[in-house]
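Data first, discussion second: the structure below is written as structure tokens.
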Amino acid sequence: MLVVDDVLYTGRTTRAIVNHLFDYGRPARIELAVLLDRGGRELPIEAQYVGKHEPLPSGMAFVLTRDTQGAFSLAVAEADGE
């Protein structure tokens with residue numbers, strides 16, 4: 001089974017997904033694909049497929065924007081409420 005997430009940070013979202021999957025039986029294999037791995041893991045979870053490794057300090061976040069022509073850009077900014 002392949003699980004896809006946008007940003008891997010603490011690993012809590014991935015752990016919740018795995019727990020939910022186990023409610024339906026034990027999969028033979030679970031692989032994780034993420035667009036961004038920002039480090040800072042609280043759990044021993046690692047993605048097998050990563051678009052980009054970009055460690056960020058606590059209090060910072062990725063901001064994805066889209067311009068009028070549809071092109072996406074990624075920036076780093078201070079996180080709100082973190």
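Not counting sequence neighbours, Glu78 has no partner by the salt bridge (charged side-chain N to carboxylate O under 4.0 Å, His left out) test. Qualifying ring pair (Phe, Tyr, Trp, His ring centres under 6.0 Å) partners for Phe72, counting only residues two or more places apart in sequence or in other chains: none.
Annotation: side chain of Leu56 is in contact with side chain of Val76 (closest heavy-atom distance under 4.5 Å).
For the pair Arg12 (side chain) and Arg41 (backbone), a donor-acceptor distance under 3.5 Å is absent. Side-chain atoms of Arg15 never come within 3.5 Å of backbone atoms of Asn19 as a donor-acceptor pair (strictly under, hydrogens ignored). The backbone N or O of Leu8 lies less than 3.5 Å from no partner atom in the side chain of Asp5, so there is not a single donor-acceptor pair.
Residues Val7 and Val63 do not share a hydrophobic cluster, defined by chaining ILVMFWY side chains whose heavy atoms lie under 4.5 Å apart. There is a path of hydrophobic side-chain contacts, each under 4.5 Å, that joins Met1 to Ile45. Neither Ile17 nor Tyr9 shares a network with the other; the hydrophobic side chains, linked directly or stepwise wherever heavy atoms of I, L, V, M, F, W or Y lie under 4.5 Å apart, form separate groups for each. A single hydrophobic cluster is seen to contain both Leu21 and Leu32, as judged by linkage of ILVMFWY side chains at heavy-atom distances under 4.5 Å, directly or through other members. Clustering ILVMFWY residues whenever any of their side-chain heavy atoms sit less than 4.5 angstrom apart, transitively, puts Val50 in the very cluster that holds Val3.
Counted within 6.0 Å of CD on Glu31, heavy atoms from surrounding residues, nucleotides or ligands total more than 12; the atom is thus considered enclosed.
Each of Leu36, Leu35, Thr65 was evaluated against Leu74; a single residue qualifies, Leu36, per the side chain to side chain contact (heavy atoms under 4.5 Å, CB included) test.
Grouped by direct or indirect side-chain proximity (heavy atoms under 4.5 Å, Ile/Leu/Val/Met/Phe/Trp/Tyr only), Leu2 sits with Val4, Tyr49.
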